[in-house]
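Before any comments, here is the structure.
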Amino acid sequence: MTPTGKTVLFVLTSHGELGDTGRATGFWLAEAAHPWEVFTAAGHRVELASPRGGRSPIDGADLSDPAQRAFLTEVDLTAAVRLADVDPSDYDAVLYVGGHGTMWDFPGNPDVVRIGDAVHAAGGVIAAVCHGPVGLLDLTTADGTPLLADRAVTCFTNAEEHASEMADIIPFFLETALTARGAHHTSADVYAPHVVQDARVVTGQNPSSARGVAETVVKLLAE
């Protein structure tokens with residue numbers, strides 16, 4: 001915790017290749033920039049981490065957006081630490097930032113699980129937006145119950161994957177995987193903002209939900 005607020009860890013993908021298409025991917029910039037703007041305005045500190053550490057590949061940048069421009073100007077992306085080096089006790093909340101890259105390097109990553117489990121067990125907030133909820137698939141509560149069991153959540157939907165012509169590229173459908181873990185998935189229309197809070201777990205459906213996810217986390221951190 002910082003003297004003026006709490007500390008939030010943003011977990012970013014290190015994966016930059018979109019399957020075997022030859023196209024680039026990474027973390028979706030707005031899904032980091034908009035929450036960063038909300039958290040810093042509320043007096044909280046944001047730190048970055050990723051599987052490999054250092055600068056993560058960026059996708060979906062819109063430099064007409066002041067928040068995205070500010071994030072790129074004011075945040076040192078090269079300072080992201082390796083997930084393996086993260087001490088979860090330093091953080092009051094963790095945000096798994098989306099972007100299609102997460103679909104390749106979050107699943108099966110033991111440190112994605114270690115950090116989320118520890119923050120949640122310590123009473124912190126777990127948040128994820130768009131494809132970020134892929135980081136929740138293997139989290140458990142203190143008694144070993146899957147975090148997603150009977151949990152209300154949302155994510156980038158199967159319909160949105162089809163609408164964005166990604167259905168034949170992604171390794172699996174995240175919405176389907178969440179429900180297979182016992183989660184209760186809800187959604188809004190394609191690309192419409194939708195935020196779901198279930199106790200100390202907050203998820204957002206897509207990039208337009210990122211700001212709302214952060215605003216909900218800020219309220220939880222104030223409790």
Atom pairs and distances, side-chain donor-acceptor, residues 215-223, under 3.5 Å, sequence neighbours left out:
{"unit_1": "T216", "atom_1": "OG1", "unit_2": "G212", "atom_2": "O", "d": "2.9"}

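- At most 12 heavy atoms of other shown residues, nucleotides or ligands fall within 6.0 angstrom of atom CG in D189.
- Judged purely by distance below 3.5 Å, without hydrogens or angles, the side chains of T176 and N158 pair a donor atom with an acceptor atom.
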Quick one: side chains of residues 115-124, donor-acceptor pairs under 3.5 Å with protein atoms, not counting sequence neighbours, listed by atom name and distance.
{"unit_1": "D117", "atom_1": "OD1", "unit_2": "T140", "atom_2": "N", "d": "2.8"}
{"unit_1": "D117", "atom_1": "OD2", "unit_2": "T140", "atom_2": "OG1", "d": "3.4"}

Practice item. Let me see the working for Y191 and Q205 under side chain to side chain donor-acceptor pair (under 3.5 Å), right down to the final yes or no. Key: CA-CA 8 Å; Y191 305 140; Q205 179 174 326; over 6 Å; no
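- Residue R69 qualifies as enclosed at atom CZ: its count of foreign heavy atoms under 6.0 Å is above 12.
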Check your understanding: Could you walk me through whether I169 and E161 pass the side-chain contact (heavy atoms from CB on, under 4.5 Å) check?
Key -> CA-CA 9 Å; I169 299 172; E161 298 288 13; over 6 Å; no
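- Side-chain N/O atoms of S187 and T157 include no donor and acceptor closer than 3.5 Å.
- Between F173 and H162, the ring center distance clears the sub-6.0 Å criterion.
- A pairwise comparison of heavy atoms in S56 and S50 identifies OG-CB, 3.7 Å as the closest pair.
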Exercise for review: Determine, stepwise, if the pair D76 / R55 fulfils salt bridge (charged side-chain N to carboxylate O under 4.0 Å, His left out).
Suggested key: CA-CA 8 Å; D76 181 6; R55 186 179 182 89; over 6 Å; no
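- The salt bridge (charged side-chain N to carboxylate O under 4.0 Å, His left out) check on D65 picks up nothing, with sequence neighbours excluded.
- Distance check, rounded to the nearest 0.5 Å: CZ of F27 to NE2 of H131 gives 15.5 Å.
- T203 contributes a side-chain N or O that, together with a main-chain N or O of T154, makes up a donor-acceptor pair within less than 3.5 Å.
- The line from OH of Y96 to CG of L137 is 11.0 Å long, rounded to the nearest 0.5 Å.
- At a threshold of 4.5 Å between side-chain heavy atoms, the hydrophobic network of Ile, Leu, Val, Met, Phe, Trp and Tyr places V213 and I126 in two separate groups.
- Residue-environment remark: CG (D85) exceeds the threshold of 12 foreign heavy atoms within 6.0 Å.
- Between T145 and D143, the shortest heavy-atom distance links the atoms OG1-OD1, 2.8 Å.
- Counting heavy atoms from C-beta outward, T186 and H194 have side chains that approach closer than 4.5 Å.
- Taken to the nearest 0.5 Å, the CG atom of L72 stands 5.0 Å off from the CD1 atom of I58.
- In summary, R82 and D111 do not engage in a salt bridge, as defined by a charged side-chain N under 4.0 Å from a carboxylate O.
- Grouping the Ile, Leu, Val, Met, Phe, Trp and Tyr side chains by contacts below 4.5 angstrom, directly or via other members, places F156 apart from V112.
- Among residues two or more places apart in sequence or in another chain, the ring pair (Phe, Tyr, Trp, His ring centres under 6.0 Å) test is passed with W28 by none.
- For the atom pair CG (L136) and CG (L178), the distance works out to 7.0 Å, reported to the nearest 0.5 Å.
- In plain terms, the two heavy atoms of F172 and P107 that are nearest each other are CZ-CG, 3.9 Å.
- Of all non-hydrogen atoms in G101 and T25, the two that sit nearest each other are N-OG1, 3.4 Å.
- Taken together through direct or relayed side-chain contacts under 4.5 Å among Ile, Leu, Val, Met, Phe, Trp and Tyr, V125 and V153 form parts of separate hydrophobic clusters.
- Counting all heavy atoms, side chain and backbone alike, G204 lies closest to S209 at CA-CB, 3.8 Å.
- The CG atom of D87 sits 11.0 Å away from atom CG of L9, with the distance rounded to the nearest 0.5 Å.
- In the hydrophobic clustering of this structure, V113 does not group with F10; members are Ile, Leu, Val, Met, Phe, Trp, Tyr whose side-chain heavy atoms approach within less than 4.5 Å, directly or through other members.
- Here the side chain of Q68 pairs a donor or acceptor atom with the backbone of D62 at under 3.5 angstrom.
- Under the 30°/60° scheme for interplanar angles, the aromatic rings of W104 and H15 are found to lie parallel.
- Although no hydrogens or angles enter the test, the distance criterion places no donor-acceptor pair under 3.5 Å between the side chain of R114 and the main chain of P110.
- Qualifying ring pair (Phe, Tyr, Trp, His ring centres under 6.0 Å) partners for H34, counting only residues two or more places apart in sequence or in other chains: none.
- Summarising the geometry, atom CD belonging to E31 is positioned 9.0 Å from atom CG belonging to L95; distances are rounded to the nearest 0.5 Å.
- For the salt bridge (charged side-chain N to carboxylate O under 4.0 Å, His left out) test, no residue two or more places apart in sequence or in another chain qualifies with E17.
- Here the side chains of F39 and K6 are not in contact, with every heavy-atom distance at 4.5 Å or above.
- Residues M166 and H100 are in side-chain contact: their nearest non-hydrogen atoms beyond the backbone lie under 4.5 Å apart.
- Shown here is D168, whose CG atom has no more than 12 heavy atoms of other residues, nucleotides or ligands within 6.0 Å.
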Practice item. Assess whether side chain to side chain donor-acceptor pair (under 3.5 Å) is satisfied between T13 and T102, documenting all intermediate values. Key: CA-CA 5 Å; T13 182; T102 62; over 6 Å; no
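- Between the D92 side chain and the T7 main chain, a donor and an acceptor come within less than 3.5 Å of each other.
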